[in-house]
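Have a look at the structure below, then the notes.
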Amino acid sequence: MTTESESAQEFYGRWARLYDLIARRTPGIARLRERAAAACRLESGDTVVEMGCGTGANLPFLRDRVGPEGTVIGIDFTRPVLERARTATAAYDNVHVLQGDATQPPMRAALEAVEGHPDGGIDAVLATFVVGMLEDPADAVDDWCDLVGSDGTVVLANAARSREWYAPPVNAVFRAIVVLSTPPTTRLRYESDPHIRLDEKIDAAHARLRERAVAVADETHVFGVVRLTGGRLE
Ligand SMILES: C[S@@+](CC[C@H](N)C(=O)[O-])C[C@H]1O[C@@H](n2cnc3c(N)ncnc32)[C@H](O)[C@@H]1O
């Protein structure tokens, strides 16, 4: 039987090219990626890890924040999307794209592989549109919080049902997009309402980040559908 993660890899592998277009060209998405990178509170020379980096649409924004002295590591388990991320960031020698599982990130190997990386640990973790695909999103957020050093930051951005007053038509469109874009195994398992399960996972992930953080910044974008939460750890 195909597992959810095999199904997700097959899905994103097959649609890598289309996903890349959507990830870079959707109106307003560049602004959102800019805000997500800003929420990471990075300084020149810092190290940031993006979990589930996909085709790498966030990586240039992160690279801008850490500058030429910093390090950006993108991790994803789907090879075709990673190849796109690699090509898109080939001009930067301090952006590294690795194949791995975001719930068991190969961080020691990743940092060792970065030539000349100062052993200063990880300053921030970013995950955009990923936690809804994980079996236990809150658990993954816990691990990411443990990964960043003291005063580090974890940032999540996810699409979930809008809570604005004008939400019904927005949510109808959102529901259609979720049904169409949910890998088949997940769709079968959650029957006709994958968007409800998606909301639960996203709520759980953002709630865990709020519990763990000593300072939290929340924003919403795109008619309230995209939630951005940044948490500063102790
Ligand atoms: C919706 S895409 C988002 C990509 C990127 N973060 C962005 O904002 O465009 C989800 C990505 O998460 C990856 N992914 C899902 N679960 C993962 C896991 N457990 N480990 C690594 N990558 C994962 C998929 O391969 C896919 O590239």
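Because the structure is predicted, anything quoted here is derived from the model rather than measured. Indexing begins at 1, ligand by ligand and atom by atom, following the structure's order.
In terms of heavy atoms, F223 sits closest to E164 at O-CG, 3.9 Å.
A donor-acceptor pair under 3.5 Å is absent between the side-chain atoms of R232 and the main chain of R41, judged by distance alone. In this structure, D123 contributes its side chain and T47 its backbone to a donor-acceptor pair below 3.5 Å.
Residue-level contacts of ligand 1 at the 4.0 Å heavy-atom threshold are Y12, Y19, A23, R33, E50, G52, C53, G54, N58, D76, F77, T78, V81, G100, D101, A102, T128, F129, V130, M133, L134.
Cluster partners of V214 are absent, since no Ile, Leu, Val, Met, Phe, Trp or Tyr has side-chain heavy atoms less than 4.5 Å from it. Annotation for L126: hydrophobic cluster partners, listed by chain and number, are L42, V48, L59, L62, V66, V72, L82, Y92, V95, V97, V155, L228 (ILVMFWY side-chain heavy atoms under 4.5 Å, direct or chained).
Remark: R212 pairs with D142, D146 by the salt bridge (charged side-chain N to carboxylate O under 4.0 Å, His left out) rule, at least two apart or across chains.
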